[in-house]
Amino acid sequence: MKWVVMLCLNAVLMLPSTLAAQIEPKRRPAATVRQTDDVQQPATRIRVSNRATVGEAAPGFELASASGAQVKLSRFRGDRVMLMFADRREAFSPYRAVADSLRAEGVFLVGVCHGSPRSLRLIAQRDSLRFELLSDPTGEVAAIYGAYDFASSTTLPGYVLVGRLGIVRMVVLGQTLPPGDLLKLTRYILIGL
């Protein structure tokens, strides 16, 4: 059994970019300022960004779900939740196959993307998705978790596992994992919890 754990550990270590939790130090973005009639005013929109860090509290948020209801991250307190960020709503469909397996492991899958609640509802119905889909139209929640590219105004693919007490347990940003690999990685992380 010990050699199986070592084999899994070596496989994970061979993918260092997959487990990179935080590469850059946290920094606060500077507020932009508009010049109007010799009076400086704050810009109407301040770019907020951060990066979720393993071992720290997950940033709270409230977003509209595919059903139109407002959903807070704190609603999942006491459960594990896998936040899956994507730029397109169609990216969630392949994960239908592992959502039930993750739930059996005690992890709720929650998709977050730019799509409107209505468009998310349509994809959930069309593809029989039985996990929560949340609308992040401005990308602010993705930015708080480090999954937003301001240069292209797109949400980057990413996965953040939040533990039962609201602590971040895993962060994978900037790449799409095949559904089976996400399930295996989640199971591996849960062994240590």
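Tracing side-chain contacts under 4.5 Å through hydrophobic residues (I, L, V, M, F, W, Y), one reaches L173 starting from L134; they form part of the same cluster. V54 is not connected to I167 by any chain of hydrophobic side-chain contacts under 4.5 Å among Ile, Leu, Val, Met, Phe, Trp and Tyr, and they are in different clusters. Linking ILVMFWY side-chain heavy atoms closer than 4.5 Å, directly or via other members, places V162 and V171 in a single hydrophobic cluster.
Checked by atom type and distance alone, the side chain of D136 never pairs as donor or acceptor with a backbone atom of V112 at under 3.5 Å. Side chain of T53 to main chain of R51: a donor-acceptor pair is present (N/O by atom type, distance under 3.5 Å, no hydrogens or angles).
Residues meeting the side-chain contact (heavy atoms from CB on, under 4.5 Å) test with A91, sequence neighbours left out: A86. With sequence neighbours excluded, the residues that form a side-chain contact (heavy atoms from CB on, under 4.5 Å) with A69 are S65, S67. Partners of S152 according to the side-chain hydrogen bond (donor to acceptor under 3.5 Å, both in side chains) rule, which considers only residues two or more places apart in sequence or in another chain, are D149, T154. Taking the salt bridge (charged side-chain N to carboxylate O under 4.0 Å, His left out) definition, one finds that R130 meets it with D100, sequence neighbours left out. Checked against side-chain contact (heavy atoms from CB on, under 4.5 Å), S119 has the following partners two or more places apart in sequence or in another chain: R89, S116.
Judged as a salt bridge (charged side-chain N to carboxylate O under 4.0 Å, His left out), not a single pair has a partner in residues 114-129 (not counting sequence neighbours). Under the ring pair (Phe, Tyr, Trp, His ring centres under 6.0 Å) criterion, no residue pair touches residues 116-139, with sequence neighbours excluded. Within the structure, the salt bridge (charged side-chain N to carboxylate O under 4.0 Å, His left out) test picks out the following pairs touching residues 174-192 (sequence neighbours left out): E105-R187. Residue pairs meeting the ring pair (Phe, Tyr, Trp, His ring centres under 6.0 Å) criterion with at least one member in residues 84-125, sequence neighbours excluded: F85-Y145, H114-Y148. For residues 57-79, the salt bridge (charged side-chain N to carboxylate O under 4.0 Å, His left out) pairs, not counting sequence neighbours, are R75-E132.
Here L161 contributes atom CG and L182 contributes atom CG; the two are 9.0 Å apart, rounded to the nearest 0.5 Å. Note that the CG atom of L109 and the CE atom of M84 stand 5.5 Å from one another [nearest 0.5 Å]. Taking CZ of R96 as the start and OG of S128 as the end, the distance is 6.0 Å to the nearest 0.5 Å. Note that CG of L185 and CG of L177 are 6.5 Å apart. Values are rounded to the nearest 0.5 Å.
At a threshold of 4.5 Å between non-hydrogen side-chain atoms, the residues I189 and M170 count as touching. Side-chain contact check for L190 versus Y188: every heavy-atom pair is 4.5 Å or farther apart. Between V81 and V107 the shortest side-chain heavy-atom distance does not fall below 4.5 Å.
The two residues V98 and G180 make their nearest non-hydrogen contact at CG1-N, 4.2 Å. The nearest pair of heavy atoms linking I123 to L120 is CG2-O, 3.2 Å. Across L73 and P59, no two heavy atoms sit closer than the pair CD2-O, 3.4 Å. Across all non-hydrogen atoms, the minimal contact from A64 to P117 is CB-CG, 3.8 Å. Pairing each heavy atom of P157 with each of T176, the nearest pair is CB-OG1, 3.4 Å.
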